[in-house]
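Notes follow the structure.
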2 protein chains.
Amino acid sequence: MRISELSRRSGVPVATIKYYLRENLLPKGEAVSATQSRYSEEHLKRLRLVRALVEVAEVPLGRIRSVLRAVDDPELDLHTLLGFAQYAFTQSPEAPSGDDPDWQRAEHRTAELLAQLGWQAHEASPARGQLVQAVAALERLGTPPTPEMLHGYAAAAHRTAELDLDCVDPGMPREATVQQVVTTSALMEQTLTALRLLAQEDESARRFGRGPWQHERPEDGGAVEGRARE
Amino acid sequence: MRISELSRRSGVPVATIKYYLRENLLPKGEAVSATQSRYSEEHLKRLRLVRALVEVAEVPLGRIRSVLRAVDDPELDLHTLLGFAQYAFTQSPEAPSGDDPDWQRAEHRTAELLAQLGWQAHEASPARGQLVQAVAALERLGTPPTPEMLHGYAAAAHRTAELDLDCVDPGMPREATVQQVVTTSALMEQTLTALRLLAQEDESARRFGRGPWQHERPEDGGAVEGRARE
DNA sequence: AATATTGGAGAGTAGTACTATCCAATAGGG
DNA sequence: CCCTATTGGATAGTACTACTCTCCAATATT
């Protein structure tokens with residue numbers, strides 16, 4: 001198909017497709033002449049994947065590029081690919097600025113937690129870094145997470161990880177599996193977050209509330225006065 | 001304290017503090033003269049909260065502003081505040097573009113799921129919208145989530161929501177509770193995400209891997225050859 | 001008195017993700 | 001073969017976010 005058809009079928013403007021082509025988020029089409037290339041169903045699938053990642057999961061294009069590079073590497077096995085996907089999707093918290101006492105304590109808490117859980121995590125894992133960063137931030141705000149809480153969250157996280165991997169079938173063709181891996185990493189995250197928020201709403205209503213939330217924004221001009229019935 | 005001390009104690013540049021003051025992310029200090037204002041410990045706390053939200057949770061400043069507006073409203077009870085925090089932190093997926101069949105199906109799946117779970121969620125809840133959006137994206141990519149999977153994730157989400165609310169004590173002074181609510185919404189999200197990724201790594205190693213991941217970036221010069229931009 | 005700091009305002013910058021315009025080379029219909 | 005539309009390729013421009021820098025006159029500090 002031509003670029004205009006690719007645009008029509010995906011709902012993405014031609015200019016944006018050209019941009020993705022330039023940015024190596026979409027492989028070039030097969031050049032038919034100097035002014036025409038042919039795009040396949042694979043291109044359409046890839047484009048839809050990129051759009052889902054951009055629109056729904058809000059992954060920056062740079063990280064999407066990294067993931068796709070790994071996806072397109074036929075050498076990588078499933079386990080390694082999952083690792084790359086994780087690496088690409090997680091923002092590395094970079095320099096801990098050295099001698100931050102809160103960071104040190106967070107490092108210690110994290111190491112202890114992982115040891116108790118028996119999880120083997122790479123020392124330089126970005127997820128580990130993110131965990132330390134979050135714990136350090138909580139320390140700094142004066143509300144450090146208790147080991148019990150962390151264990152509780154870890155148990156829930158472990159349950160979701162099992163579910164994540166349940167839908168990855170190593171016997172399927174690589175293409176399909178790869179898509180599954182990437183969508184699992186990114187879109188299931190969104191799903192899980194949304195479910196958690198909905199569960200919070202329900203649980204909050206049960207504990208201290210009087211029904212579901214009123215969803216008005218506290219935008220400029222008030223509108224705050226008309227909150228839940230009193 | 002003066003602005004320079006606020007800067008030194010928080011590690012945030014003076015220029016950024018001024019910017020936050022302009023953007024109403026930080027209340028003005030008590031004006032002592034035409035060229036000086038006094039800032040309190042509250043300002044420092046607020047500044048640290050904003051930084052944690054920006055750096056760790058990557059919440060856009062606009063959303064932070066919304067949350068803070070709700071936080072500073074003494075009228076709001078805990079339940080309502082939690083609702084505002086959720087509303088502010090979630091990006092609304094906006095217009096479903098009307099007659100998208102995938103969206104319709106996702107709407108249906110979501111409604112059914114919530115009905116089965118017995119969760120009372122507001123029709124216009126942003127979390128609900130986000131869930132529909134994620135499910136619709138998965139549909140579009142050809143890998144719709146099964147009801148069983150969704151129920152599994154929902155159970156895990158419910159567990160975390162219980163933990164989230166366990167650390168909110170309605171008997172505490174409002175200031176402390178409010179901080180707790182906001183950090184719970186945002187920073188625990190990061191914590192949970194990180195834990196899920198670590199659990200994935202561990203579980204993936206158990207199922208198909210041979211140990212923890214090697215964390216090399218597929219960046220230029222890495223194991224994966226770079227893009228063909230010549 | 002000399003130097004530093006502050007509040008306030010405005011302009012400038014860097015990064016991200018497009019969007020628009022231009023152009024010459026075709027493609028496709030008549 | 002002619003004419004219009006489309007395409008690839010390149011470049012420039014836009015909108016938004018989150019700062020960062022500069023300037024200034026009025027203080028504060030030494």
Side-chain angles (χ1 to χ4, degrees), chain A residues 1-40 43 46-47 49-68 88-89 91-92 94, chain B residues 1-40 43 46-47 49-68 88-89 91-92 94 227-230:
Chain A
M1 77 188 87
R2 294 175 297 179
I3 200 171
S4 55
E5 193 180 345
L6 189 60
S7 168
R8 195 180 42 74
R9 288 231 271 158
S10 63
V12 179
V14 172
T16 304
I17 296 176
K18 283 183 173 184
Y19 171 67
Y20 287 170
L21 253 17
R22 277 200 298 284
E23 293 292 314
N24 293 305
L25 292 161
L26 204 58
K28 289 190 190 41
E30 186 200 348
V32 167
S33 80
T35 65
Q36 213 135 17
S37 297
R38 200 159 301 279
Y39 301 93
S40 66
H43 285 93
R46 173 59 56 95
L47 186 53
L49 178 59
V50 171
R51 288 311 296 179
L53 259 26
V54 167
E55 282 178 355
V56 184
E58 298 198 295
V59 181
L61 296 187
R63 284 182 209 162
I64 295 177
R65 195 186 297 116
S66 299
V67 173
L68 295 181
F89 284 145
Q91 87 274 27
S92 310
E94 49 76 58
Chain B
M1 79 189 87
R2 295 176 297 180
I3 200 171
S4 54
E5 193 181 345
L6 190 60
S7 169
R8 194 180 44 73
R9 288 229 271 157
S10 63
V12 179
V14 172
T16 305
I17 295 176
K18 284 182 172 185
Y19 170 66
Y20 287 170
L21 287 167
R22 276 203 295 284
E23 293 292 314
N24 292 307
L25 292 162
L26 203 58
K28 287 189 186 52
E30 186 200 347
V32 167
S33 79
T35 66
Q36 213 135 15
S37 296
R38 200 159 302 278
Y39 300 93
S40 65
H43 285 94
R46 173 58 57 94
L47 186 52
L49 178 59
V50 171
R51 288 311 297 178
L53 259 27
V54 166
E55 282 178 356
V56 184
E58 298 197 294
V59 180
L61 296 188
R63 284 183 210 162
I64 295 177
R65 195 186 299 113
S66 300
V67 173
L68 294 181
F89 284 145
Q91 86 273 28
S92 311
E94 50 75 58
R227 47 199 143 153
R229 163 121 64 104
E230 247 85 40

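Values below: every heavy atom of this structure, side chains too, minus hydrogens, waters and symmetry copies. We name chains A, B, ... by the order of the sequence lines, and we start the count at 1 in each one.
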Spacing of [X] atom [atom1] relative to [N] atom [atom2], expressed in whole Å:
| X | N | atom1 | atom2 | value |
| --- | --- | --- | --- | --- |
| B:M1 | C:dT5 | CE | C1' | 17 Å |
| B:E55 | D:dC19 | CD | P | 8 Å |
| A:I64 | C:dT16 | CD1 | P | 13 Å |
| B:Y19 | D:dT22 | OH | C1' | 18 Å |
| A:I17 | C:dC18 | CD1 | C1' | 13 Å |
| A:I3 | C:dT26 | CD1 | P | 17 Å |

On the nucleotide [N], are OP1 or OP2 found under 4.0 Å from the side-chain N or O atoms that [X] carries?
| X | N | result |
| --- | --- | --- |
| A:Y20 | C:dA17 | no |
| A:T35 | D:dG9 | no |
| B:T16 | D:dT20 | yes |
| B:S37 | C:dG7 | yes |

- [ ] Please report the shortest heavy-atom distance between A:S4 and A:V14, naming the atom on each side.
- [x] CA-CG2, 4.4 Å
Open item on the list: Which heavy atom of B:L21 sits nearest to which heavy atom of B:P27, and what is that distance?
Closed with: CD2-O, 3.3 Å
- [ ] Between A:S33 and B:Q36, name the one whose nearest nucleotide on DNA chain C is closer to the 5' end.
- [x]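 Final value for this comparison: B:Q36.
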- [ ] Return the 5'-most residue of the pair B:Y39, A:G62 with respect to DNA chain C, ranking by each residue's nearest nucleotide.
- [x] B:Y39
- [ ] State which of D:dA10, C:dA17, C:dA25 makes the closest approach to the side chain of A:R22.
- [x]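 The nucleotide sitting nearest to the side chain is D:dA10.
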Open item on the list: Given D:dG8, C:dA17, C:dT19, identify the nucleotide with an atom nearest to the side chain of A:K18.
Closed with: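 It is D:dG8.
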Reckon [X] touches a base, only the sugar-phosphate, or nothing at all at heavy-atom distances under 4.0 Å?
| X | result |
| --- | --- |
| B:R51 | sugar-phosphate |
| B:V14 | nothing |
| B:A15 | base |

Open item on the list: Please tell me whether A:R51 and A:Y20 have a donor and an acceptor in their side chains that are separated by less than 3.5 angstrom.
Closed with: yes
- [ ] Evaluate side-chain contact (heavy atoms from CB on, under 4.5 Å) for B:L6 paired with B:R38, printing each intermediate quantity in order.
- [x] CA-CA 10 Å; B:L6 190 60; B:R38 200 159 302 278; over 6 Å; no
Open item on the list: For A:L68 and A:L49: C-alpha separation, side-chain torsions, deciding distance, then whether side-chain contact (heavy atoms from CB on, under 4.5 Å) applies.
Closed with: CA-CA 10 Å; A:L68 295 181; A:L49 178 59; 4.2 Å; yes
